[in-house]
Visitor: 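Got a structure for you, written out below as structure tokens; questions coming shortly.
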Amino acid sequence: GPEFSVQTGATVPPLHPEYAALMDSYMSERVSGCAMAMFGNTAVPINTNGIGLKQAKKIKNALRWYWHGLVDLGVASQDFFDTAKIVEPAVLHRVVTEWDENKAGRSIAPVQRRAMVHLVIAFLNGIAPGYRDQIDPGFFKDRRLHKKKGERTPNRTFKDRTTLHFIADTTMQQRFFGMPHFFHELAKPMIADFDHVESDEDSGVSRQQHHALDLAIMAAYTAIVTRYPLRLATMMQLAAFGPEPHMSFPDEGVNSANVTLSIPGMIVKNGYYVDGVPLRPSKTVDPRAILQWYLDDVHPLVMKYKCRLAHLKRPDLLFGGLHDESMRRLWRRYIVEAGLNITPHMCRHLGGSVLYHNGVPIDEVAELLGDKEKTVRSNYLVIDRVAKIENAMAAQAKMFEELDT
């Protein structure tokens, strides 16, 4: 039957069985890391790094998007399918043109459409080796695959507005940096009473107990991300146990009151590594105490009740092998209770923006975030613009005062 596409917000027409089989085979190869490479006319099996669930979801949505376009153009349907037709390079351009009409419920940002086109090309190149070489590089200059100059996506607009609100609102800052204390205070008594709560006979854990674990996970997550704004993917790979844990609890020295993070480049997007970064306590938040409590009292429960699939369990990891998407769902559910409306990734922008606004040099903010200075400057350009406008208006007010007008 028809499927709903998360990427496009549209109902995808039913897939033809042959297209569905090609898509399933391709997805299996990408996830498992097994593929075929052509040496002349000979196909040779190779092993590659398998993709994660997040990337697999993007690819699957891109292939559904292409199918939807094929059906709209009359090139294919649930009852008609010709492989030779769908690998004609001109057809891809026609699909892009068709979707540029932005029909009801199918509007896609140009940059997102460009990313989907690249995913589709990789898929079609697997069906017909050499397909990629037939795509004229000029195709990617098409205006339908690029945002207009000065155009801002809804997500970017939301992020900028939230950032400006954050740097001007000390109450919002208190809520943000106080999240670890907020979640810890809610979770601690619930975890202490965990064994006294009547559990569900089927699952072995009640809704109330799940709630307690969710709050405890949020306490541990925010104890780190509000002090050291790591990406979600990196957070989920933090090792708390094992021969080389990424966090330590010094008993002596200048960092004896802190948790220190030493993060290898292999779990960081840009490959940036850090060594001995301290998470310092504030008046109400003690990251060391929260994380030590989490590891001692909560982590065993998370492993038992939250990480149920044996092949995904990682007892060495802080969050036991929970998937990124599980954390996103948990975050969306509980962040409102802290009085905030932000995504996990926005923690990076808010943490960096308030430092930049308070005079920390852009190169130091970039090092904190593990990003290139150019990227950070682009993200915080809105702060510079607002500051310049405020300075200009202040100068204008002073001029009016001097003119006595």
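Source: prediction; values computed, not measured. Atom set for the values below is all heavy atoms of this structure, side chains included, hydrogens, waters and symmetry mates excluded.
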Visitor: Answer yes or no: are there more than 12 heavy-atom neighbours, outside M266 itself, under 6.0 Å from its atom CE?
Guide: no

Visitor: Mind checking whether N258 and F249 have side chains closer than 4.5 Å, heavy atoms only?
Guide: no

Visitor: Quick one: does V259's side chain get under 4.5 Å of P278's, heavy atoms only?
Guide: no

Visitor: List the steps and the verdict of side-chain contact (heavy atoms from CB on, under 4.5 Å) for V71 and V12.
Guide: CA-CA 9 Å; V71 173; V12 181; over 6 Å; no

Visitor: What's the shortest heavy-atom distance between L350 and F166, and which atoms?
Guide: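 That closest heavy-atom pairing would be O-CE2, 3.3 Å.
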
Visitor: Could you please spell out the steps behind the side-chain contact (heavy atoms from CB on, under 4.5 Å) verdict for I224 and M247?
Guide: CA-CA 11 Å; I224 297 174; M247 57 178 60; 3.9 Å; yes

Visitor: Shortest non-hydrogen contact from M23 to L15?
Guide: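 Shortest heavy-atom contact: CE-CD1, 3.7 Å.
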
Visitor: Is there a side-chain contact between V91 and Y66, using heavy atoms and a 4.5 Å cut-off?
Guide: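 The answer is yes; the side chains approach within 4.5 Å.
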
Visitor: Please examine the side chains of P344 and V225, heavy atoms only from C-beta on, and report whether any two atoms are closer than 4.5 Å.
Guide: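 With C-beta onward as the side chain, the pair stays apart.
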
Visitor: Scan for salt bridge (Lys or Arg N to Asp or Glu O under 4.0 Å) pairs involving residues 214-224, sequence neighbours excluded, and state none if there are none.
Guide: D214-K306, D214-R333

Visitor: R329: what forms a salt bridge (charged side-chain N to carboxylate O under 4.0 Å, His left out) with it, not counting sequence neighbours?
Guide: none

Visitor: Which class fits the ring pair F81 and Y19: parallel under 30°, tilted 30 to 60°, perpendicular over 60°?
Guide: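 Judged by the thresholds at 30° and 60°, the geometry between F81 and Y19 is perpendicular.
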
Visitor: So with a 6.0 Å cut-off around CD of Q396, is the heavy-atom count from everything else above 12?
Guide: yes

Visitor: Is the closest side-chain heavy-atom distance between R64 and I59 below 4.5 Å?
Guide: no

Visitor: Just jot down the side-chain hydrogen bond (donor to acceptor under 3.5 Å, both in side chains) partners of H211, sequence neighbours excluded, or say none.
Guide: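 Expected list: Y334.
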
Visitor: Between Y380 and L369, which heavy-atom pair has the shortest distance, and what is it?
Guide: OH-CD1, 3.8 Å

Visitor: Just by modelled atom types, is the H349 backbone N or O under 3.5 Å from a matching donor or acceptor in the N379 side chain?
Guide: no

Visitor: With a 3.5 Å distance limit and no angle check, can you tell me whether S25 reaches the backbone of L22 through a side-chain donor-acceptor pair?
Guide: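 No.
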
Visitor: Please list, chain by chain and in numerical order, all residues satisfying salt bridge (charged side-chain N to carboxylate O under 4.0 Å, His left out) with E373, sequence neighbours excluded.
Guide: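 Partners of E373 under the salt bridge (charged side-chain N to carboxylate O under 4.0 Å, His left out) test: R377.
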
Visitor: Would you confirm whether S326, through its side chain, and L322, through its main-chain N or O, come within 3.5 Å as a donor-acceptor pair?
Guide: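 No.
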
Visitor: Compare every heavy atom of I86 with every heavy atom of L124, then report the nearest pair and how far apart it is.
Guide: CD1-O, 3.8 Å

Visitor: With sequence neighbours left out, what residues match R314 under salt bridge (charged side-chain N to carboxylate O under 4.0 Å, His left out)?
Guide: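 Result, salt bridge (charged side-chain N to carboxylate O under 4.0 Å, His left out) vs R314: D316.
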
Visitor: Please name the pair of heavy atoms, one in A56 and one in V31, separated by the smallest distance, quoted to 0.1 Å.
Guide: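 Minimum heavy-atom contact is CB-CG2, 4.2 Å.
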
Visitor: Go through the steps to decide whether E325 and R328 satisfy the test salt bridge (Lys or Arg N to Asp or Glu O under 4.0 Å), and finish with yes or no.
Guide: CA-CA 5 Å; E325 195 57 41; R328 286 193 183 91; 3.5 Å; yes

Visitor: Mind jotting down which residue pairs meet the salt bridge (Lys or Arg N to Asp or Glu O under 4.0 Å) criterion with at least one end in residues 345-364? Sequence neighbours excluded, please.
Guide: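 Applying salt bridge (Lys or Arg N to Asp or Glu O under 4.0 Å) to every pair that reaches into residues 345-364, excluding sequence neighbours, yields R348-D371.
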
Visitor: Does some side-chain heavy atom of K372 sit less than 4.5 Å from a side-chain heavy atom of T375?
Guide: yes

Visitor: Throw together a table of side-chain donor-acceptor distances under 3.5 angstrom for residues 176-186, partners on residues two or more places apart or in other chains.
Guide:
unit_1 : atom_1 : unit_2 : atom_2 : d
H181   : ND1    : T284   : O      : 3.2

Visitor: Scan side-chain atoms only and decide if R332 and T343 contain a donor-acceptor pair under the 3.5 Å cut-off.
Guide: no

Visitor: Please answer whether the main-chain N or O of L318 pairs with a side-chain N or O of Y294 as donor and acceptor at a distance below 3.5 Å.
Guide: yes

Visitor: Side chains of S248 and T260: do they bring a donor and an acceptor to under 3.5 Å?
Guide: yes

Visitor: What is the distance from atom CG of L70 to atom CZ of F80, rounded to the nearest 0.5 Å?
Guide: 10.5 Å

Visitor: Please determine whether side-chain contact (heavy atoms from CB on, under 4.5 Å) holds for the pair K313 and C307, giving the CA-CA distance in whole Å, both sets of side-chain angles, and the decisive distance to 0.1 Å.
Guide: CA-CA 6 Å; K313 281 190 175 186; C307 305; 3.9 Å; yes

Visitor: Looking at Y131, is its backbone amide N or carbonyl O close enough to the side chain of N125 to form a donor-acceptor pair, meaning the two atoms are under 3.5 Å apart?
Guide: yes

Visitor: If only atom types and distance count, is the side chain of S28 paired as donor or acceptor with the main-chain N or O of D24 below 3.5 Å?
Guide: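 No, the answer is negative, given that no donor and acceptor are paired below the 3.5 Å cut-off.
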
Visitor: According to salt bridge (Lys or Arg N to Asp or Glu O under 4.0 Å), does anything in residues 287-299 pair up with another residue at least two apart or in another chain? List the pairs.
Guide: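 Of all non-adjacent pairs touching residues 287-299, those that pass salt bridge (Lys or Arg N to Asp or Glu O under 4.0 Å) are D251-R288.
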
Visitor: Compute the centroid of each ring, for H118 and then for F140, and state whether the two points are separated by less than 6.0 Å.
Guide: yes

Visitor: What residues, two or more places apart in sequence or in another chain, satisfy side chain to side chain contact (heavy atoms under 4.5 Å, CB included) together with F241?
Guide: L295, H299

Visitor: Report yes or no: does D193 contribute a side-chain atom to a donor-acceptor pair with the main-chain N or O of P189 at less than 3.5 Å?
Guide: no

Visitor: Indicate yes or no for a side-chain donor-acceptor contact from S378 to the backbone of K374 under 3.5 Å, with no hydrogens or angles considered.
Guide: no

Visitor: Could you tell me whether E337 atom CD has more than 12 heavy atoms of other residues or ligands within 6.0 Å of it?
Guide: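 Yes.
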
Visitor: Do Q209 side-chain atoms and S206 backbone N/O form a donor-acceptor pair below 3.5 Å?
Guide: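 Yes, Q209 side chain to S206 backbone: donor-acceptor pair under 3.5 Å.
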
Visitor: Excluding sequence neighbours, so at least two apart, what forms side chain to side chain contact (heavy atoms under 4.5 Å, CB included) with K85?
Guide: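 So K85 forms a side chain to side chain contact (heavy atoms under 4.5 Å, CB included) with V75, D82, E88.
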
Visitor: If the condition is side chain to side chain contact (heavy atoms under 4.5 Å, CB included), which residues does Q174 pass it with, not counting sequence neighbours?
Guide: none

Visitor: Just wondering, do W65 and N61 contact through their side chains at under 4.5 Å, heavy atoms?
Guide: no

Visitor: Suppose the criterion is salt bridge (Lys or Arg N to Asp or Glu O under 4.0 Å): which pairs have a residue in residues 162-175, not counting sequence neighbours?
Guide: none

Visitor: Are the side chain of T234 and the backbone of I267 linked by a donor-acceptor contact shorter than 3.5 Å?
Guide: yes

Visitor: Kindly indicate whether the side chain of F123, heavy atoms from C-beta on, has any atom under 4.5 Å from the side chain of L119.
Guide: no

Visitor: If you look at every heavy atom in P287 and A223, which pair is closest and at what distance?
Guide: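 Looks like CB-O, 3.9 Å.
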
